Every structure is written in C-alpha cells, then in structure tokens.
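Report on one structure; see the data block that follows.
Everything numeric in this text was worked out from a predicted model, so none of it was measured.
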Amino acid sequence: MFNRNDLHRHKKTYQHQLANQLVTAVIVLDAGLKIQYLNPAAEALLIKSFNKLFNLPLIEVIPHSTLDPARLMQVIESGQEFSDSDVSVQLGDHFKFTAEVTASATEFSHQPHVLLELKRVDQQKQISAEAFQQQQWESARDLIRGLAHEIKNPLGGLRGAAQLLTKELNSEQQEYTAMIIEQADRLRNLVDRLLGPNQLPKMEVQNIHLVLEKVSQLVAFDNEKNIRIVRDYDPSIPDIAFDADKLQQAILNIVNNAVQVIEPGSSITLKTRVASNQTINGKRVRLTIVISIIDYGPGIPEDIQDTIFYPMVSGRSNGTGLGLAISQTLVNQHKGKLSCSSRPGRTEFTLLLPISEENTL
Ligand SMILES: Nc1ncnc2c1ncn2[C@@H]1O[C@H](COP(=O)(O)OP(=O)(O)O)[C@@H](O)[C@H]1O
Ligand SMILES: [Mg+2]
C-alpha cells in the first residue's frame, strides 16, 4: 500500500510528466505578466527556450497578438477565467498562428498568477476547410453526373428516331433530320465530357518529369503566342506509380488556361519539389511530390476563385468550365490534391502526389 508521502510523490511524478507531454502550450505569468513557467509545448510554440524567456514580460515576447494584456490583468484581479478561440499571434516576420486561449487565475507561493493555455487551431481549421471543399466539390460533381445521365438516355432515343425518320423523307426534308442528328451529337459530346473520365487509371512506376516534358512539347508545338516554358525541376524526385496520359491531361488543362490569358512572349514555370508533411483531403501525408504551374498573367477573376474546380464554372465567354473539373477528377484518381492560389500578376496551381511505399514499388 502507498502511504500519504508515497502517494504525494507519485502524484508529483505524474504531474511533472504530464506538463511535459501536453500538446497544449502552458504559460504561467506572475502579477506583472512576466513569464514564470513554460511547458515544452509552449517553448516549441514560441520557438524559444524557457531559459531565454524566464521573467520576460509576455508583451515583449509576443508584441503582436490580439491577446489583450488588460484582460489578463483582469483575470488576476477578479479571479475569473476567460477564453478566446481566435487569438492570432505574430512571431517575427514570417510566423503567424491562430490559437485557442484560456486564461485562468491561480496561485503559486501564495502569489496570484495567470495560467495561460494555448492550443494552435489554424492547422485544424485548414484541414476542415479542405475537407469541406472536397465534399462540396464531390456533391456538385455527383449532381452534374446524375443530370448528364438523365440527358444522355433520351438523347439516344431522339437521335435514333431522327435517323429512322430520315429514310421516310425527301432530300430537302432530310436537312432537318440531319440538323437534329448533328445537334444531338454535339449535346452527347458535352454530356460525355460532363460525365468525366470513366476509365480507371493505368498505373505505372515512372518519372513525373516525363509528363512535364511532354506537356512542354505540346505547348511548343502549337505556340502562336510564343510562350516560353521555364523548367525548375528537382531531379532527385523518385519515380512513383501514375497514369501518364491522365496526369498529362490534368496538367495540360491547367497550362492551356494559362496560355489563354497571358501576354504573348511571356513565360510559364513548371516547378517540381519534394515536400514533407502535407495534408491531402484532411489526411497528413509524410512525403509528396509537389508540381507547381506558375504564370504571371492577370490572375483568376475573384468571383470565381472559390469555384474554379467545379464543372461549368468559366471566366471566358466561350469556355465550358470543364478543364479544371476534369483535372481535379484525374488528380483525385491518383489520391493527390490540386489547389490554386492566384492574384493579379501571379497564379500558381499546385498538384500534390503522395510518395508512399505502395506507389513506389
Ligand atoms: N492561369 C489562369 N489565369 C487566370 N484565370 C484562370 C487561369 N486558369 C483558370 N482560370 C479561370 O478559370 C476558369 C475555368 O477554367 P476551366 O475549368 O479550364 O474552364 P474553361 O477553360 O473552359 O473556362 C477559366 O475560364 C478562367 O477564367
Ligand atoms: Mg480550360
């Protein structure tokens, strides 16, 4: 059996260990809002060690945040805790994060202190926004597929009937049935494209640069605008399994959109890299190939930026809005992710492809 002292020591051991392992950053401030304690998660979040930060005023350590020191003082004075689920903190020039913060009053050595708990939420936010986008996109695609099927079936009957009718008509009247058949074929073509790629990909282990070289060739082949393709490849990228035709189509659709809007004589950059710890549809992937297609044109019109991957969304008067929807489907077939960021002067499409044991063997 434990006696009281053993139990006390036992508890202390656990408490110490727990504070060290918490994912939540814990910061203890004294009544002057000076840092008295940081757990390792807090050291990691602030990118500095406890030794460097001990006894420094919090306001000096994070001068740019939406956390109000006056409210922390209130916690000490009133003993009431407060929480804020959307505190943004700027550390240095390039690092910014959003955190959920709880501040509560506590006492150490009979002195009032504030206990701050910070949990980063921006990564989580990004993951759920992505999952939401993916869902939206899938339901839009299902809707359009359903509709396309509904059109396709009667269309077959319509065309067949017109063909039969042709035989009964004189040559002048046959012009009308020919017109019906021609227009039915046009609709069928559209519907087939709406239904999207229907063959399963033929996966082969190969090098991704082959695809990019093929795309460059195709652009050079029909190059009225004299567009220059700039290659920025990472030659160390390992071979992975993919369907070369499908990825070529996916990338060509993206490149063609850029070609359509950029100035004659300008350039498009094809860049490849390996990146670690990316998220694809809400899942963390340890290693990925990153293919970026960058142009320096006018950018995607703001009103369609959130929906460009949906079928039928186009910023061009004669566009079908199918190119990027098809690219998205093809990339999804490879368990990859296609995203885009655009502003006037720079548009970047990013294609992530997982490198896994499963697709490199
Ligand atoms: N690199 C780009 N720069 C500017 N706008 C773009 C770019 N890529 C795509 N877009 C916009 O996205 C729209 C959708 O593209 P897409 O799905 O290929 O359909 P479509 O080319 O038939 O319009 C384009 O009409 C265009 O407005
Ligand atoms: Mg297009």
Item to check | Among L252, I251, D243, the one residue meeting side-chain contact (heavy atoms from CB on, under 4.5 Å) with V211 | outcome: I251
Next on the checklist: For the CG atom of N55 and the CG atom of D30, what is their distance to the nearest 0.5 Å?
Outcome noted: 6.5 Å
Next on the checklist: Looking at R273, I want to see if its CZ is surrounded by more than 12 non-hydrogen atoms of other residues, nucleotides or ligands under 6.0 Å.
Outcome noted: yes
Sequence neighbours left out, cut at 3.5 Å: what donor-acceptor pairs do the side chains of residues 295-303 make with other protein atoms?
residue, atom, partner, partner atom, Å
D295, OD1, G297, N, 2.9
Y296, OH, T269, OG1, 2.9

Next on the checklist: Using modelled atom types and a 3.5 Å cut-off, is there a donor and acceptor pairing between side-chain atoms of S314 and backbone atoms of R316?
Outcome noted: yes
Checklist outcome for this item: The complete set of ring-ring contact (aromatic ring centres under 6.0 Å, His included) pairs with one or both residues in residues 22-56, sequence neighbours excluded, reads F50-F54
Item to check | From L212 atom CG to Q248 atom CD, the distance as rounded to the nearest 0.5 Å | outcome: 10.0 Å
Item to check | Sole candidate of L115, N39, L116 that passes side-chain contact (heavy atoms from CB on, under 4.5 Å) when paired with I27 | outcome: L116
Checklist entry - Which class fits the ring pair F108 and H113: parallel under 30°, tilted 30 to 60°, perpendicular over 60°? => result perpendicular
Checklist entry - Does K48 use its side chain to pair, donor to acceptor, with the backbone of L53 at less than 3.5 Å? => result no
Checklist entry - Just checking, any donor-acceptor pair under 3.5 angstrom between side chains of T102 and S83? => result no
Item to check | More than 12 heavy atoms of other groups within 6.0 Å of R145 CZ | outcome: yes
Item to check | Criterion salt bridge (charged side-chain N to carboxylate O under 4.0 Å, His left out) on E348 and K271, from CA distance to verdict | outcome: CA-CA 10 Å; E348 175 164 357; K271 185 169 125 186; 5.1 Å; no
Checklist entry - Do you see a donor-acceptor pair shorter than 3.5 Å between the side chains of N253 and Q249? => result yes
Checklist entry - R9 and D6: salt bridge (charged side-chain N to carboxylate O under 4.0 Å, His left out), yes or no, with the steps? => result CA-CA 5 Å; R9 221 176 310 125; D6 283 342; 3.6 Å; yes
Item to check | Option passing side-chain contact (heavy atoms from CB on, under 4.5 Å) with V285 (candidates N277, T279, I280, L352) | outcome: I280
Item to check | E204, CD: over 12 other non-hydrogen atoms inside 6.0 angstrom | outcome: no
